[in-house]
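When a ligand or atom number is given, it counts from 1 through the structure's own listing order.
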Amino acid sequence: MMAKPLPSTDKDLFSRDSVRNSRAVDDAIREMAPAVYLEREDIVMLGRYEHVSKGLVDWKSFSNTSRPWHDPNSVRPEILLTDDPPRHTQVRAVIGRALSPKAMKAMDDAFRREAEILVDDLLRNGDTEIDAVSGITARYVHKVLPDLMGLPEQGREKMTPFGNAVWATMGPMNDLFHEAMAGAGDSFEWVDKSCNRESIRPDSLGGEMYAAADRGEISEQDAKLLTLTILSAGSDTTVITMGNAINLFARFPEQYRILRDDPPLLRNAFDEALRWDAPSRMAGRIAQVDVPVDDYVIPAGTRCGLMFAAANRDPRRWDQPEKFDVRRDVRGHLGWGQGIHMCVGKALAQAEADALLGELVKRVKCIEPAGEPEPWMTTIGHGPIKVPVRLLAA
Ligand code: HEM
């Protein structure tokens, strides 16, 4: 049977307006058809859970080596997420060992201590009103992540403009891209210098990357690229996902109460927050062969967007997807990705969330909204960048 022509749209998914409403915009693409051609971008989007999940696992059909809008000279570290096996396998072994659940367990005490210090400070005068992103999650991640990496103390405020610019390189070069680049200032120089062997504390995660180079497992250049990668991939993702979790705790108070009554539910609640809204709208891939998707065929050579966030709300897969339910069986959600590129920093992000959100659950009896959340104005990254809340001390 002949494949049907791919449905197409001239809608701009990455305009300011679309970014502001990206939940609705992405869901509309998912509902339009299993595969939709974006005329402006010359890419094909897949938004249904079944196809996104299959596509993430099938790395032979969907390669990572040339993703949509790929610019090999961009400022983003070109390693791991831009590799296929066998290079991917070799590099992933090194970073995977350093970020393993066992290695992260050893960090628990440090993460908990920092969470206690932060929450003590937040609640020093009792109830408080604060932006949960800049005042809680970014403050926390921008302390514990560079500490873990062995980076110098000075200049860490540059992590925000650096993150904005790195995320911008994942998407089209529109006005949001240029704004992020213009806002980067000297953050790239700072990051580049801070991730050099001479700047890194040897007894740190960054130090481990260089030790792997000394053992000949990776090159010296790869050790630096991996250090840069952990810093860029591990920061905004965790800041936004924890910020979104706090936002949901405020907007679904009965779910927060369930969690306070049963704190071991926290891991599941964090995953459910990630299912409800992922910090990345899509994974970029390039089709290596003609890929059938229901009645359509994506031709070999097509750049594609596998839409994590839309798939995580696909009603074909999830019962009442808009509901935040801390007891939901959330296994199989795509917020961490799937297959060989599945998030290698998951254990680290979970350890941070266990410590920080765990401390809030223990010490804050109720979180109330104190204003509307503001969206992160970036094209591929996604989520609330400002979450005004009122914390009522327990
Ligand atoms: C809640 C926080 C996080 C979320 C939601 C998240 C999400 C993801 C997703 C969806 C992918 C797959 C991308 C794709 O297939 O195209 C991924 C990959 C990756 N993540 Fe995370 N991430 C988080 C935290 C972290 C942290 C803390 C680190 C580092 C310390 C990290 C490092 C990476 C790296 C290096 C990859 C590429 C892995 C590969 O290509 O094999 N992530 N992450």
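- Every atom of ligand 1 is numbered from 1 in the order shown, and the set under 4.0 Å from a heavy atom of Arg92 is 38 (C), 39 (C), 41 (O).
- Near Pro279, meaning under 4.0 Å from any of its heavy atoms, are these atoms of ligand 1: 5 (C).
- In this structure, Leu205 has no heavy atom closer than 4.0 Å to ligand 1.
- Around atom 21 (Fe) of ligand 1, the protein N, O or S atoms closer than 2.8 Å are Cys343 SG, listed by chain and residue number.
- Salt-bridge formation is detected for the pair Arg16/Glu179: a Lys NZ or Arg NE/NH1/NH2 atom is positioned less than 4.0 Å from an Asp or Glu carboxylate oxygen.
- For atom 15 (O) of ligand 1, the candidate residues are Met170, Arg285, Glu352; the nearest heavy-atom contact is made by Arg285.
- Because its NZ or CZ atom is both nearer than 6.0 Å to the ring centre of Trp318 and within 45° of the ring axis, Arg275 counts as a cation-pi partner of that residue.
- For Phe14 and Trp69, the ring centers are positioned less than 6.0 Å apart.
- For ligand 1, the atoms sitting less than 4.0 Å from at least one non-hydrogen atom of Thr238 are 2 (C), 24 (C), 27 (C), numbered in the order shown with element in parentheses.
- At a heavy-atom cutoff of 4.0 Å, ligand 1 is contacted by the side chain of Thr241 but not by its backbone.
- Against a heavy-atom cut-off of under 4.0 Å, Ile340 is close to the following atoms of ligand 1: 41 (O).
- Nearest to atom 12 (C) of ligand 1 among the protein's heavy atoms is His341 O, 3.5 Å.
- Salt-bridge check for Asp10 with Arg40: failed, with every basic side-chain N at 4.0 Å or more from each acidic carboxylate O.
- Proximity of Thr229 to ligand 1, defined as any heavy-atom pair under 4.0 Å, is confined to the side chain (atoms from C-beta onward).
- Ion pair Arg97/Glu217 flagged as a salt bridge, since at least one NZ, NE, NH1 or NH2 atom sits closer than 4.0 Å to an Asp/Glu carboxylate oxygen.
- For ligand 1, the atoms sitting less than 4.0 Å from at least one non-hydrogen atom of Ile230 are 29 (C), 30 (C), numbered in the order shown with element in parentheses.
- Residues Ile200 and Ser204 meet the side-chain proximity criterion, which asks for heavy atoms closer than 4.5 Å.
- Heavy atoms of Ala353 found under 4.0 angstrom from ligand 1: none, in either backbone or side chain.
- Using modelled atom types and a 3.5 Å distance limit, the side chains of Arg285 and Asn64 yield a donor-acceptor pair.
- At least one heavy atom of Gly335 sits less than 4.0 Å from an atom of ligand 1.
- Some N or O of His88 is nearer than 3.5 Å to an N or O of ligand 1, by distance alone.
- The closest side-chain heavy-atom distance from Trp376 to Val19 is not below 4.5 Å.
- Without hydrogens or angle criteria, Thr241 side chain to Thr238 main chain gives no donor-acceptor distance under 3.5 Å.
- Under the side chain to side chain contact (heavy atoms under 4.5 Å, CB included) test applied with Cys195, the options Thr227, Ile230, Thr229 reduce to a single match, Thr227.
- Side chains of Asp42 and Tyr37: a donor on one and an acceptor on the other come within 3.5 Å.
- Contacts between Leu274 and ligand 1, counted as non-hydrogen atom pairs separated by less than 4.0 Å, involve the side chain only.
- Shown in contact with Phe308 at under 4.0 Å from a heavy atom are these atoms of ligand 1, numbered in order with element: 10 (C), 13 (C), 14 (C).
- Residue contacts with ligand 1 for Arg67 involve side-chain atoms from C-beta outward but no N, CA, C or O (heavy atoms, distance under 4.0 Å).
- Contacts between Met242 and ligand 1, counted as non-hydrogen atom pairs separated by less than 4.0 Å, are absent for every part of the residue.
- Near Leu348, meaning under 4.0 Å from one of its heavy atoms, ligand 1 places the atoms 27 (C), 30 (C).
- Within 6.0 Å of the CD atom in Glu322, the count of heavy atoms belonging to other residues, nucleotides or ligands exceeds 12.
- For the residue pair Asp277/His382, the side-chain donor-acceptor check at 3.5 Å is satisfied.
- Under a hydrophobic clustering in which Ile, Leu, Val, Met, Phe, Trp and Tyr are joined whenever their side-chain heavy atoms come within less than 4.5 Å, directly or via other members, Leu145 and Met107 fall into the same cluster.
- Taking the side chain as every heavy atom from C-beta outward, Lys224 and Asp192 approach each other to under 4.5 Å.
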